[in-house]
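Shown next, in C-alpha cells, is the structure this report addresses.
Note that the numbering runs from 1 along the sequence shown for the chain.
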Amino acid sequence: MDDLKRHLLKRLIRTTPTKTLRTTLRQWARLSVEQQESLDFTQPKYVLTESLLDLCEESGLGVKHITELEMVYVIDHPNQRQWHAYQLLEAADDAHSVELSNFKEQFKAHLAELIRHVSIKIKKHTDEAVWIRIAWVDRSSRPNHLKPTYVVHHLQTPYVFITNLTSKKTMALLSQALVLATRYSSMKDVNLSGRKLNAIRDLLMKQFQQVFPSKHLQPLQKNNQTKPNPQIEYEQDEQSENRLQTACEAFGGGTLPELDKAIYTLNTKFKDKTNQIMTEREQPFRCVVTFKGSNILESLRHSAMTGITSTPVTPILSSISQKGRSHFLITDKGKTEEEIGEKLGPGNLEDDVFLKDTIRAVAWCQLQSFIDRVSLPIVIGMKGAEKEAALAELKSVDRRCLEESPNEIEPFYFFFKSKKDYKMFCVEIFDRRKLKVFASCE
C-alpha cells in the first residue's frame, strides 16, 4: 500500500471513534465477515489501525475503496463539519423531473469538462438525499483526497448544502456544474450555516411545527393543585398564554431545529453623547454579535415565553426561523437587501434577469461603505415605458460585441472611482453571487 493510501486510511481510523468503527466497516462491506471478526476492537487504536491496514493490503483495496469508507462515516456522522446552505434559482420547466441517474451523469460530465482529473463519488442516502464527494486537483494535477468537499442535495428541491469548500474558484466550478445538472439558472448563498446538517436543512425547508397568529389562544395545561386566589391565577395564566403564543409564532412550536450559531454584523452610525469623536465619525461603526449554544432557537423561544425578552419578538431575532437564515447585516435604517430591492423594483419588468440582477447589485451597494464615489445604473430611476425601452435596447445588443454599443449598455452600468471598491464589487457580485451586471472602474 503506497503512502497516500496508508496516510488516508490512518487518518480516517484515527478520527473515527472505536465504538462506531465496527458498524462503519460493516456498512462498507469491503472486508469479508471473517476479516471483520478477526479485528480486536479492544486493542489500542494504533494496533487496530495496523491490523486494518494489513487486511486492506491483503484484499488489494486502493484509494477508491478507502474514500468509500470515509464517505460511509461522514454520511452517518455529518455533524463533524461546518455546513453552508445555498438555493438554486429560476428552475427550468423540467427541473422537478430530474432523476438520480440523469443527475449523476450530467453532474460528473459538466464538472469533468470544467476541471480535469477531479475525483467524484455520488451516493444516495436512505433519506433520499444525494451525497457527493469531490476531491479537487492539487498542484501536482492529482486529486487531493485529504481535503475533499462534500455536497448534499435533495432532488426536486432547490436547496444544496456544502462543507469544506473555501476556494472561490472551486465554488464557481461547483456552482456551474450543479446549476447545469439540476436545470436551474443560478445558485445563491442563503446566509445559513451550522454544524448540524439536519438542523439547517429543517430550518431552510420549514420542516418544523410552525405556529400562525391567532386571536383564540389555546389554554395552557392546568395543574391539579388548588391555589388560594383563583382570580390571580387566571390573570397570570392569561399572560403566560400570550407569551407562549407570541414565542411560538416567532420561533415555531414543538421541537425546533438545533441551530448552534447566529451572527449579526452591525454596520451602523456610532451614537454616544459622551464620545463625540466616535459619534462625529463619517465612517460607520462595524462590529459582529454572535449567539452560540446547543440550540439557539430553543433558547430564544424560552426567553420570550418566560418574559426575559420583551414581546412581541423583534424581527431581528424572529427572522432566524421565519427566513431560514443565521447571518444578518444590520444598518442604521434597519433595512435588508431584500427590502431595498423591493423598493427599487416595483412592477412587472423586474422579472427580467438583467433588471433583477441589477436591482440586487444596487441593493448590495446601498448597504456598503465605499472609499470613493460610485455611480449606480440610471435604469433604476427610470419609469414605465422609459425603462421598458432601455431594456429592449439592451436585449438587442450582441453580447459578444458590447464595446460597439456603449449607449445601449450605459443605463445598466456601475461606475467606480476607486479600484479597491471595484474589486470588492467584482468579488461579491460576479464571483460569489454570479449576477449578470455591467461594471467598470473610471
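- At a threshold of 4.5 Å between non-hydrogen side-chain atoms, the residues F412 and L355 count as touching.
- Contact annotation: the side chain of V362 never approaches that of V437 to less than 4.5 Å [non-hydrogen atoms, C-beta and beyond].
- In this structure A92 satisfies the side-chain contact (heavy atoms from CB on, under 4.5 Å) test together with D94, R183, sequence neighbours excluded.
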| query | Yes or no on side chain to side chain contact (heavy atoms under 4.5 Å, CB included) for V74 and Q80, after CA distance, side-chain angles and deciding distance? | reply | CA-CA 8 Å; V74 173; Q80 306 297 321; over 6 Å; no
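- Residue pairs that meet the side-chain hydrogen bond (donor to acceptor under 3.5 Å, both in side chains) test with at least one member in residues 60-74, sequence neighbours left out, are R30-E68, E70-R133, E70-Y150.
- In this structure T126 satisfies the side chain to side chain donor-acceptor pair (under 3.5 Å) test with no other residue, sequence neighbours excluded.
- For residues 189-211, the pairs satisfying salt bridge (Lys or Arg N to Asp or Glu O under 4.0 Å) are D127-R201, D189-R432, K196-E258, with sequence neighbours left out.
- Here I316 pairs with Y264, T314, I330 under the side-chain contact (heavy atoms from CB on, under 4.5 Å) rule; sequence neighbours left out.
- Residues R11 and H145 share a closest heavy-atom pair of NH2-O, 3.9 Å.
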| task | Please report the C-alpha distance between F103 and I132 in whole Å, then the side-chain angles of each, then the deciding distance to 0.1 Å, and finally whether the side chain to side chain contact (heavy atoms under 4.5 Å, CB included) criterion is met. | result | CA-CA 11 Å; F103 171 80; I132 308 171; 3.9 Å; yes
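- Two residues are said to be in side-chain contact when any heavy atoms from C-beta on lie closer than 4.5 Å; F251 and I320 fail this criterion.
- The side-chain contact (heavy atoms from CB on, under 4.5 Å) test applied to K108 returns I120, I122, not counting sequence neighbours.
- Evaluation of the salt bridge (Lys or Arg N to Asp or Glu O under 4.0 Å) test over residues 298-319, restricted to residues two or more places apart or in two chains, returns E298-R301.
- Annotation: ring pair (Phe, Tyr, Trp, His ring centres under 6.0 Å) contacts of Y422 (sequence neighbours excluded): F416.
- Legend: residues meeting ring pair (Phe, Tyr, Trp, His ring centres under 6.0 Å) with W83, ordered by chain and number and at least two apart, are W131.
- The salt bridge (Lys or Arg N to Asp or Glu O under 4.0 Å) test applied to E105 returns no partner, not counting sequence neighbours.
- Partners of F208 by ring pair (Phe, Tyr, Trp, His ring centres under 6.0 Å), not counting sequence neighbours: none found.
- Taking S440 as the reference, Y413, F415 meet the side-chain contact (heavy atoms from CB on, under 4.5 Å) condition, with sequence neighbours excluded.
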